[in-house]
Peer 1: 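My structure is below; once you've seen it, I'll send some questions.
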Amino acid sequence: MLEITQIRNNTDQVITGLQKRGIKDALNVIEQVLEVDDKRKEVQGKHDRTLAASNQLAKQIGQLMKEGKKDEAEIIKKKTAVLKAESKALGETLGNLEDEQKQLLYAIPNIPNKDVPEGKGANDNVVIHEYGDTPQLYVDAKPHWDLIKEYDIIDFDLGNKVTGAGFPFYKGKGARLQRAMVNFFLDEAQKAGYNEVQPPIMINEKSGYGTGQLPDKEGQMYHATNDDLYLIPTAEVPITNMYRDVILDEKELPKKHVGFTPCFRREAGSWGAHVRGLNRLHQFDKVEIVQVHHPEDSYSALKDMCEHVQGLLEKLELQYRVLNLCGGDMGFTSAQTYDMEVYSAAQEKWLEVSSVSNFETYQANRLKLRYRGDDKKTQLLHTLNGSALALPRVLAAILENNQTAEGIKIPEVLVPYTGFEWIN
RNA sequence: AGAGGAGUGGCAGAGUGGUCGAAUGCGGCAGUCUUGAAAACUGUUGUACCGCGAGGUACCGGGGGUUCGAAUCCCUCCUCCUCUGCCA
């Protein structure tokens with residue numbers, strides 16, 4: 001969430017930022033938060049002064065009791081009753097105002113960075129880079145949902161029986177190709193200096209709040225209500241939450257982590273004809289990179305992360321493009337996001353395979369993730385993350401783009417990992 | 001899962017109702033001494049919020065309660081340790 005001081009000190013900037021996201025009543029929203037904050041401060045002042053008076057009297061009573069002056073102590077005791085009632089009432093008001101303020105802040109998205117283009121939706125995203133040529137497919141080329149049946153490498157029906165829609169089985173060479181990609185992605189990240197972690201794939205409520213999945217996107221996560229745990233929608237959640245309530249020394253920065261996990265998404269209400277096959281699943285595998293940075297160099301880190309992802313796509317010999325997402329299409333918590341899309345020749349469309357974002361202090365403020373600089377003061381850090389990469393759509397593109405009459409050719413870079421060159 | 005024990009500052013560890021945000025030691029930082037370093041000595045060393053400031057408030061695993069007053073007493077939840085059971 002945004003910092004209240006940021007809203008107070010740069011009010012106009014915050015409002016124009018929110019307008020860039022298409023929030024029409026930004027002015028009202030901000031005025032409301034500031035109003036609540038003013039009230040909060042006022043009430044806290046009163047509350048603190050009341051408590052101070054109570055504490056003062058309590059000390060006096062202690063002193064008198066020690067001296068054996070019980071009668072005098074009794075007189076003061078009576079005085080404290082009034083203060084106690086007062087501070088209790090003020091305490092409740094304060095608590096309510098704090099809650100109200102928090103709720104308002106939770107509802108305000110991050111401010112887009114200055115380089116984020118104006119725009120309302122996906123059509124306004126700006127293509128900033130393109131790579132590779134559109135593959136020339138052979139005459140009988142098929143979309144991946146046909147190929148996986150033909151070669152029996154992914155089985156949706158079986159997943160359907162055992163679990164439900166969107167939970168496929170990967171079989172034989174399909175399963176091995178998945179494992180190969182995971183290992184390849186992890187090794188590449190390792191080479192790029194990312195420290196590997198294997199996080200839990202269930203998280204508690206606090207972690208959900210830390211990275212911004214809660215309170216907003218409750219319905220998008222699978223919730224194990226008996227234990228009040230959520231299945232992760234992305235490894236971003238557990239990995240970033242490693243740094244919840246942490247104060248890092250400036251010298252320890254940056255922190256770079258990579259983790260492989262399955263990801264679970266309910267995708268409530270987002271199914272349709274355009275999301276066939278591997279294009280959208282309830283469970284999928286993803287290798288995620290996460291960085292924690294000093295505010296000064298978070299944007300160069302964002303660039304590095306994009307280049308890392310692009311490198312992966314180039315090694316896999318996939319045609320791709322990079323989009324600078326516009327204000328209206330960016331995620332709630334992001335300050336700037338680049339999407340990487342690969343071209344699926346058989347579906348004749350671009351598939352998003354990675355989303356790389358800088359959250360600036362938005363997550364850090366929720367996480368209470370700070371660093372201590374030379375001046376000994378604590379300041380919020382910047383968090384970033386990106387997919388490197390999400391498997392299903394990369395797999396779909398490989399299957400579709402590399403199909404030939406003889407079978408599907410495995411990208412060279414993966415062969416040492418798969419142990420086979422062809423799916424046929 | 002059952003029985004017992006425990007959760008205090010960066011770490012170790014004292015504190016069982018009153019001036020305790022918390023002794024002491026270690027570590028960190030600054031300084032004295034030294035050619036330099038070490039040792040020794042001196043000082044300093046949690047976070048957040050309110051306040052122009054002086055200063056104030058809150059926090060001793062989380063939440064609630066008793067009391068004029070809670071790290072200390074009570075309730076509840078969480079976590080860790082030991083033993084028993086179960087299990088990849």
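Letters A, B, ... mirror the listed sequences (proteins, then strands); counts begin at 1. What you are looking at is a predicted structure, and each value in this text was computed from that prediction instead of being measured.
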Peer 1: Between U79(B) and C73(B), how many Å separate the two C1' atoms, rounded to a whole number?
Peer 2: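 Each nucleotide's C1' atom is 23 Å from the other's.
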Peer 1: Say you pick atom P in G25(B) and the same atom in U34(B); how far apart are they, in whole Å?
Peer 2: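 Looking at atom P only, G25(B) and U34(B) are 27 Å apart.
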Peer 1: Starting from C1' on A48(B), measure out to CG on L369(A) and report it in whole angstrom.
Peer 2: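 That distance rounds to 16 Å.
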Peer 1: When rounded to the nearest Å, what value does the distance between C1' atoms of A14(B) and G64(B) take?
Peer 2: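 My reading of the C1' atoms in A14(B) and G64(B) gives 28 Å.
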Peer 1: Could you tell me whether K171(A) and D152(A) have a side-chain N and a carboxylate O separated by less than 4.0 Å?
Peer 2: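 The answer is yes: the pair qualifies as a salt bridge.
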Peer 1: For atom CD of E218(A), is the number of surrounding heavy atoms from other residues, nucleotides or ligands below 6.0 Å larger than 12?
Peer 2: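 Buried by this count: over 12 neighbours within 6.0 Å.
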Peer 1: Classify the ring geometry of H223(A) against Y230(A): parallel below 30°, tilted from 30° to 60°, perpendicular beyond 60°.
Peer 2: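 Judged by the thresholds at 30° and 60°, the geometry between H223(A) and Y230(A) is parallel.
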Peer 1: Give every residue pair that meets the side chain to side chain donor-acceptor pair (under 3.5 Å) criterion with at least one member in residues 386-402 of chain A, sequence neighbours excluded.
Peer 2: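 For residues 386-402 of chain A, and leaving out neighbouring residues, the side chain to side chain donor-acceptor pair (under 3.5 Å) pairs sorted by first residue read H144(A)-E400(A), S344(A)-E400(A), Q347(A)-E400(A).
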Peer 1: What integer number of Å spans the P atoms of U57(B) and G21(B)?
Peer 2: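 Approximately 9 Å lies between the P atom of U57(B) and that of G21(B).
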Peer 1: Which whole-number value in Å describes the distance from E205(A) CD to C77(B) C1'?
Peer 2: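 Distance check: E205(A) CD to C77(B) C1' gives 14 Å.
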Peer 1: Determine the interplanar angle of the F332(A) and Y362(A) rings, folded into 0 to 90°, and report it as parallel if under 30°, tilted if 30 to 60°, perpendicular if over 60°.
Peer 2: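 Taking Y362(A) first and then F332(A), their aromatic rings stand perpendicular (interplane angle over 60°).
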Peer 1: On a whole-Å scale, what distance lies between the C1' atoms belonging to C74(B) and G27(B)?
Peer 2: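 It works out to 38 Å between them.
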Peer 1: With a 4.0 Å cutoff (strictly under), does any side-chain N or O of R370(A) reach OP1 or OP2 of A48(B)?
Peer 2: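 So the side-chain polar atoms of R370(A) do come within 4.0 Å of the phosphate oxygens OP1 or OP2 of A48(B), strictly under.
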Peer 1: Nearest whole Å is fine: how far is G56(B) C1' from K41(A) NZ?
Peer 2: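 For the pair K41(A) NZ and G56(B) C1', the rounded distance is 16 Å.
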Peer 1: Could you list all the salt bridge (Lys or Arg N to Asp or Glu O under 4.0 Å) pairs where at least one residue sits in residues 44-59 of chain A, not counting sequence neighbours?
Peer 2: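 Output for this query lists E42(A)-K46(A).
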Peer 1: Strictly by modelled atom types, are S298(A) and H382(A) linked by a side-chain donor-acceptor pair under 3.5 Å?
Peer 2: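 Looking only at side-chain atoms, H382(A) and S298(A) do form a donor-acceptor pair, the distance falling under 3.5 Å.
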Peer 1: Just list the side-chain donor-acceptor pairs under 3.5 Å for residues 411-420 of chain A, sequence neighbours left out, or say none.
Peer 2:
residue : atom : partner : partner atom : Å
Y417(A) : OH   : D187(A) : OD2          : 2.7
T418(A) : OG1  : L414(A) : O            : 3.4
T418(A) : OG1  : V415(A) : O            : 3.2
T418(A) : OG1  : F420(A) : N            : 3.2
T418(A) : OG1  : F420(A) : O            : 2.7

Peer 1: If you assign E42(A) and R372(A) each to the RNA chain B nucleotide with the nearest heavy atom, which residue ends up on the more 5' nucleotide?
Peer 2: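 Between the two, 5'-proximity favours R372(A).
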Peer 1: Rounded to the Å, how far apart are L380(A) CG and A48(B) P?
Peer 2: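 Atom CG in L380(A) sits about 10 Å away from atom P in A48(B).
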Peer 1: I247(A) CD1 to U45(B) P: how many Å, rounded?
Peer 2: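 Rounding to the nearest Å, CD1 of I247(A) and P of U45(B) are 16 Å apart.
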Peer 1: Could you give the CD1-to-P distance, from I4(A) to C50(B), as a whole number of Å?
Peer 2: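 Atom CD1 in I4(A) sits about 10 Å away from atom P in C50(B).
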Peer 1: What is the distance, to the nearest angstrom, from the NZ atom on K377(A) to the P atom on G46(B)?
Peer 2: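 Taking NZ of K377(A) and P of G46(B), I get 16 Å after rounding.
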Peer 1: Could you give the distance separating G9(B) and C20(B) at their C1' atoms, to the nearest angstrom?
Peer 2: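 C20(B) and G9(B) have their C1' atoms separated by 13 Å.
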Peer 1: Run the salt bridge (Lys or Arg N to Asp or Glu O under 4.0 Å) test against E100(A) and tell me which residues pass, sequence neighbours left out.
Peer 2: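 Here no residue qualifies.
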Peer 1: Taking the ring of Y209(A) and the ring of Y106(A), is the distance between their centroids below 6.0 Å?
Peer 2: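 Yes: the rings meet the under 6.0 Å criterion.
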Peer 1: Give one of base, sugar-phosphate or nothing for E74(A), where a contact means two heavy atoms less than 4.0 Å apart.
Peer 2: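 If one applies the 4.0 Å heavy-atom cut-off, E74(A) turns out to touch nothing in the nucleic acid.
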Peer 1: Let me have RNA chain B in dot-bracket notation, would you? Count Watson-Crick plus G-U wobble pairs, both distances under 3.5 Å, and use [ ] for pairs crossing earlier ones and | for inter-strand partners.
Peer 2: ((((((((.[[[..)..(.....]]]((((((.......))))))(((((....))))).[[[[[..)....]]]]])))))))....
Peer 1: Give the B/S/- string for nucleotides 57-74 of chain B, one per nucleotide from 5' to 3', where a protein heavy atom under 4.0 Å of the base yields B, of only the sugar-phosphate yields S, and otherwise -.
Peer 2: SS---------BS-----
Peer 1: Could you tell me the separation between the CG atom of D38(A) and the P atom of C50(B), rounded to a whole number of Å?
Peer 2: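 D38(A) atom CG is separated from C50(B) atom P by 11 Å.
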Peer 1: Could you give the distance separating U24(B) and G15(B) at their P atoms, to the nearest angstrom?
Peer 2: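 The same atom, P, in both gives a distance of 15 Å.
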Peer 1: How far does the P atom of G4(B) sit from the matching atom of A58(B), given to the nearest Å?
Peer 2: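 About 36 Å, rounded to a whole number of Å.
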